[in-house]
Number of protein chains: 2
Amino acid sequence: MQRPFVHPPIETVTLEGILYALADPVRLEIIRRIGAGTCAMNCSAAAPEKMAKSTQSHHFQILREAGLIRSERRGVEVINQLRCDEIGQKFPGLIPAILKAADERDACRST
Amino acid sequence: MQRPFVHPPIETVTLEGILYALADPVRLEIIRRIGAGTCAMNCSAAAPEKMAKSTQSHHFQILREAGLIRSERRGVEVINQLRCDEIGQKFPGLIPAILKAADERDACRST
DNA sequence: TTCAATAGTTCGATAATCTTGAACTAACGA
DNA sequence: TCGTTAGTTCAAGATTATCGAACTATTGAA
């Protein structure tokens, strides 16, 4: 089928959806990678290597439905970017706080 | 069996565990109620009314295992409180950001 | 002490959700 | 047109959640 990507308008994005999406370690990692990069990232680059593609695709779909990312086909690949401005407007400081917590966790781990 | 409550030391509390616990709407609501109150709260008061007690109990167990709450038996009931100082030390601003987002969502809803 | 009531917990079974491999689609280049 | 790459969709087995029923722990009253 492969219908075009659906992105919920920011008004319908819910806190539950965001937390649910970010509660999965894989998806949190994807968001961290996408969020850290300056430009949009394709799915394979953002997801863990050894995971089944179908599972990757599933995770991206959940991130899209949660309103966290915007996906767009660019040639043979699909590029993704964080909808940080929109989300930041609706839930100020939420995403940064979570990403900061993830960074702090990593910093603690490596010491 | 009913073994005594186990509370993970703050060092073993993970961001994943916290996000996972708070991703469930019921558990987020429980944390909001416990967090809002000035004193510790028993399970029935913090959980939604019409939910099965076994399900409530299950949710409290997940919140405990995530390190979000500390439970203690007080007579016939079990009182719960947010471990906000400890968590705030490990993940500064995380819980407040999530609770703030929940408050903002409610504020938008009611207007 | 014994009995009843209250507040949670544990257990077992069904219902919902996740993960994966296989088959498929869409775009590109030789 | 064919082969390759990058993702998606689908169906099925494996986890995980929800509930009712039975149980435990504590209190207070007879």
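Letters A, B, ... mirror the listed sequences (proteins, then strands); counts begin at 1.
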When you get a sec, tell me which of C/dG21, D/dC19, D/dG7 is the closest nucleotide to the side chain of B/S54?
-> D/dC19

About how many Å separate CG of A/D24 and CD1 of A/I62, when rounded to the nearest 0.5 Å?
-> 7.5 Å

Please tell me which of the listed nucleotides, D/dT8, D/dG20, C/dT19, lies nearest to the side chain of A/K53?
-> D/dT8

For A/H59 and A/R74, take the nucleotide of DNA chain C holding the closest heavy atom to each; which residue's nucleotide lies nearer the 5' end?
-> A/H59

Length of the line joining A/R73:CZ and D/dT5:P, which is rounded to integer Å = 15 Å

Distance in angstrom units between A/M51 CE and D/dA6 C1', rounded | 17 Å

Could you tell me whether A/R27 contacts a base, only the sugar-phosphate backbone, or nothing, with contacts defined as non-hydrogen atoms closer than 4.0 Å?
-> nothing

How long is the line joining NZ of B/K50 and C1' of D/dC19, in whole Å?
-> 15 Å

Nearest-angstrom distance from the residue atom CD of A/Q56 to P of D/dA6 | 11 Å

Atom pair distance, as rounded to whole Å: CD in A/E65 and P in C/dT17 | 12 Å

Rounded to the nearest angstrom, tell me the gap between atom CD in B/E72 and atom C1' in C/dG8.
-> 15 Å

CG-SG distance between A/L68 and A/C84, expressed to the nearest 0.5 angstrom = 10.5 Å

Check the distance between C/dG8's P and B/R64's CZ and give it to me in whole angstrom.
-> 11 Å

Please work out if A/V76 contacts a base, only the sugar-phosphate, or nothing of the nucleic acid, heavy-atom cut-off 4.0 Å.
-> base

Given side chains that start at C-beta, do those of B/Q81 and B/S71 come closer than 4.5 Å, heavy atoms only?
-> no

Which nucleotide in C/dG8, D/dT18, D/dC19 has an atom nearest any side-chain atom of B/S57 = C/dG8

For A/S44, answer base if it contacts any base atom (sugar-phosphate contacts may also be present), sugar-phosphate if it contacts only those atoms, and nothing otherwise; contact means non-hydrogen atoms under 4.0 Å.
-> sugar-phosphate

Between C/dT25 (P) and A/F5 (CZ): distance, integer Å | 16 Å

Hey, what do you get for CZ (B/F5) to CD1 (B/I69), rounding to the nearest 0.5 Å?
-> 9.0 Å

D/dG7 phosphate, OP1 or OP2, under 4.0 Å from A/N42 side-chain N/O = yes

Rounded to the nearest 0.5 Å, what separation is found between the CZ atom of B/R64 and the NE2 atom of B/H59?
-> 13.0 Å

